[in-house]
S.K.: 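Encoded as structure tokens, here's the structure I'll be asking about.
These numbers come from a predicted model, not from an experiment. The figures that follow rest on heavy atoms only: side chains count, while hydrogens, waters and symmetry mates do not.
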Amino acid sequence: MISKERKKEAINEFKEHKPAIGIYLVRSTGSGQVWVGPSRNLDATKNGIWFTLRNGSHRDKDLQQDWNTHGESTFEYEVLEKLDDDVSPVNVADLLKQKKQQWMGQLGARGLL
């Protein structure tokens with residue numbers, strides 16, 4: 001059993017944890033298609049995408065169709081780039097947009113929101 005003190009420490013660590021911000025890709029090995037998107041929480045993004053795809057409700061219809069055709073086992077999620085922790089919150093949106101465009105061009109990928 002966890003002591004009350006250790007439990008408090010764990011809660012404080014969780015509250016202080018900053019989510020990783022950056023750019024990710026989703027790849028279908030079945031079709032070879034690649035999608036690139038920005039995220040303010042890279043650790044949670046894959047779960048969100050997979051959840052909507054499993055439920056047939058992803059906003060990107062091409063991605064959803066590819067998932068339906070080839071199946072979950074042919075999909076990969078990869079973090080391409082994490083922003084530095086010292087990036088000003090004011091600059092995050094513009095920087096994510098810029099990085100997304102760079103990666104899309106470099107990989108010949110489609111964009112995700």
Side-chain angles (χ1 to χ4, degrees):
M1 182 150 189
I2 299 176
S3 70
K4 286 184 179 184
E5 186 175 309
R6 179 60 193 130
K7 189 174 180 178
K8 274 186 171 181
E9 287 175 17
I11 290 170
N12 286 334
E13 286 173 13
F14 177 78
K15 287 179 180 179
E16 291 173 6
H17 173 74
K18 289 184 178 181
I21 299 170
I23 305 298
Y24 66 90
L25 75 73
V26 174
R27 176 181 292 117
S28 168
T29 59
S31 69
Q33 289 292 328
V34 177
W35 292 264
V36 171
S39 175
R40 290 181 179 266
N41 188 341
L42 289 167
D43 298 330
T45 296
K46 179 185 178 188
N47 289 338
I49 293 171
W50 263 233
F51 177 81
T52 57
L53 288 167
R54 286 180 189 131
N55 288 303
S57 61
H58 197 278
R59 295 186 304 189
D60 187 301
K61 299 305 174 198
D62 291 332
L63 175 58
Q64 185 67 62
Q65 181 60 45
D66 206 302
W67 177 279
N68 295 344
T69 301
H70 299 287
E72 180 175 350
S73 64
T74 66
F75 278 78
E76 300 171 347
Y77 175 86
E78 179 182 338
V79 173
L80 294 172
E81 183 174 358
K82 291 182 182 179
L83 298 185
D84 293 332
D85 290 337
D86 62 351
V87 173
S88 168
V90 174
N91 298 329
V92 168
D94 289 337
L95 191 54
L96 284 175
K97 186 183 288 187
Q98 176 188 12
K99 297 285 187 181
K100 176 185 169 185
Q101 292 301 319
Q102 287 174 350
W103 281 104
M104 285 172 58
Q106 186 175 336
L107 299 171
R110 298 177 183 191
L112 287 174
L113 298 176

S.K.: Do side-chain atoms of Asp84 reach the backbone of Val87 as a donor and acceptor pair under 3.5 angstrom?
M.R.: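 Not confirmed, Asp84 side chain does not pair with Val87 backbone.
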S.K.: If the condition is side chain to side chain donor-acceptor pair (under 3.5 Å), which residues does Asp62 pass it with, not counting sequence neighbours?
M.R.: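 Only Arg110 meet the side chain to side chain donor-acceptor pair (under 3.5 Å) criterion with Asp62.
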S.K.: Counting C-beta onward and ignoring hydrogens, is there a side-chain heavy-atom pair between Leu42 and Lys82 closer than 4.5 Å?
M.R.: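 Yes, at least one pair of side-chain atoms sits under 4.5 Å.
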S.K.: Restricting to salt bridge (charged side-chain N to carboxylate O under 4.0 Å, His left out), what partner residues turn up for Arg6, sequence neighbours left out?
M.R.: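 Listed in chain order: Glu9, Glu13.
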S.K.: Using distance only, find each side-chain donor-acceptor pair of residues 90-109 under 3.5 Å and give its atom names and separation, not counting sequence neighbours.
M.R.:
residue : atom : partner : partner atom : Å
Lys99   : NZ   : Glu81   : OE2          : 2.9
Lys100  : NZ   : Leu112  : O            : 2.9
Trp103  : NE1  : Glu81   : OE1          : 2.8

S.K.: In Å, rounded to the nearest 0.5 Å, how long is the span from CD1 of Ile21 to CG of Asp85?
M.R.: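 One finds 8.0 Å between CD1 of Ile21 and CG of Asp85.
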S.K.: Counting distance only, does the side-chain N/O of Ser39 pair as donor-acceptor with the main-chain N or O of Thr45 below 3.5 Å?
M.R.: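 Judged by distance alone, no pair lies under 3.5 Å.
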S.K.: Among all residues two or more places apart in sequence or in another chain, which pass the side chain to side chain donor-acceptor pair (under 3.5 Å) test with Asp66?
M.R.: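 With neighbours one apart ignored, the set is Ser28, Ser31.
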S.K.: With ring-ring contact (aromatic ring centres under 6.0 Å, His included) as the rule and sequence neighbours excluded, what pairs involving residues 55-77 come up?
M.R.: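 As it turns out, the ring-ring contact (aromatic ring centres under 6.0 Å, His included) pairs with a partner in residues 55-77, which skip direct neighbours, are Tyr24-Tyr77, Trp50-Trp67, Trp67-Phe75.
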S.K.: With a 4.5 Å cut-off on side-chain heavy atoms, are Gln64 and Asn68 touching?
M.R.: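 Side chain of Asn68 against side chain of Gln64, heavy atoms only: contact under 4.5 Å found.
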S.K.: Holding to salt bridge (charged side-chain N to carboxylate O under 4.0 Å, His left out), I want the full list of residues that pass it with Glu5, two or more places apart in sequence or in another chain.
M.R.: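 With sequence neighbours excluded, Glu5 shows a salt bridge (charged side-chain N to carboxylate O under 4.0 Å, His left out) to no residue whatsoever.
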S.K.: Under the criterion side chain to side chain contact (heavy atoms under 4.5 Å, CB included), I'd like the reasoning laid out for Arg59 against Leu113: C-alpha separation, chi angles, the key distance, then a yes or no.
M.R.: CA-CA 9 Å; Arg59 295 186 304 189; Leu113 298 176; 3.3 Å; yes
S.K.: What distance separates Gln33 CD from Gln65 CD, expressed to the nearest 0.5 Å?
M.R.: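 Gln33 CD to Gln65 CD: 12.0 Å, rounded to 0.5 Å.
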S.K.: Among the clusters formed by ILVMFWY side chains lying less than 4.5 Å apart, do Leu83 and Ile23 turn up in the same one?
M.R.: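 Yes, it is one cluster - the side chains of Leu83 and Ile23 are joined through contacts under 4.5 Å.
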S.K.: Taking the side chain as everything from C-beta on, heavy atoms only, tell me whether Leu80 gets closer than 4.5 Å to Val36.
M.R.: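 A side-chain contact under 4.5 Å exists here.
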S.K.: Does Leu63 share a hydrophobic cluster with Val34, counting links as ILVMFWY side-chain heavy atoms below 4.5 Å and allowing steps through other members?
M.R.: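 No, Leu63 does not connect to Val34 through the hydrophobic network.
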S.K.: A side-chain contact here means heavy atoms from C-beta on lying under 4.5 Å apart; do Glu72 and Arg54 qualify?
M.R.: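 Side chain of Glu72 against side chain of Arg54, heavy atoms only: contact under 4.5 Å found.
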S.K.: Apply side chain to side chain contact (heavy atoms under 4.5 Å, CB included) to Asn55 and list each qualifying residue two or more places apart in sequence or on a separate chain.
M.R.: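 Here the qualifying residues are Phe51, Ser57.
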